J.: 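Before anything else, here's the structure in question.
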Amino acid sequence: MLDPRVLDNHELDAELAALRRGRDASMDEGAGGESLAEADRLIERFEEEIRARHLRAAEDV
């Protein structure tokens with residue numbers, strides 16, 4: 001599983017976009033249940049890391 005904490009900012013954004021595209025494609029193909037729930041949890045981890053980095057950057061200014 002990807003760990004968003006070890007990625008650079010540009011990598012983090014790119015991976016989040018790829019995860020969202022993958023989840024959307026899975027939904028279009030009829031996937032559901034646990035596979036989508038896992039994708040949603042991973043997407044949430046990436047979104048939380050992005051928010052945390054923005055907050056840290058704002059505090060450093």
Side-chain angles (χ1 to χ4, degrees):
M1 181 183 303
L2 294 170
D3 185 352
R5 296 173 294 167
V6 299
L7 299 174
D8 292 332
N9 287 343
H10 68 281
E11 294 171 326
L12 190 64
D13 291 333
E15 286 295 330
L16 177 58
L19 287 168
R20 287 178 174 161
R21 283 191 307 272
R23 183 198 55 200
D24 291 348
S26 294
M27 288 174 59
D28 290 345
E29 294 174 4
E34 187 57 35
S35 64
L36 287 180
E38 180 61 29
D40 287 339
R41 284 190 291 272
L42 188 54
I43 289 169
E44 180 60 29
R45 288 181 60 209
F46 273 70
E47 290 171 341
E48 287 174 6
E49 181 63 23
I50 290 170
R51 281 191 296 274
R53 289 184 188 191
H54 283 288
L55 288 174
R56 284 193 301 267
E59 291 171 355
D60 290 343
V61 174

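Because the structure is predicted, anything quoted here is derived from the model rather than measured.
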J.: If you look only at pairs with a residue in residues 51-61, which of them pass as a salt bridge (Lys or Arg N to Asp or Glu O under 4.0 Å), with sequence neighbours excluded?
T.: E44-R51, E49-R53, E49-R56
J.: Just so I know, are the side chains of R45 and D3 near enough to count as touching, which here means a heavy-atom distance under 4.5 Å?
T.: yes
J.: Under 3.5 Å, side chain of D8 to main-chain N/O of H10, donor-acceptor pair present?
T.: no
J.: Might you point out which heavy atoms bring A31 and L36 nearest each other, and give the distance in Å?
T.: O-CD1, 3.2 Å
J.: Say you draw a straight line from CG of L42 to CD of E47; how long is it, rounded to the nearest 0.5 Å?
T.: 10.0 Å
J.: Who pairs with R41 by side chain to side chain donor-acceptor pair (under 3.5 Å), at least two apart in sequence or on another chain?
T.: E34, E38
J.: Could you give the distance from CG (D40) to CZ (R20), rounded to the nearest 0.5 Å?
T.: 10.5 Å
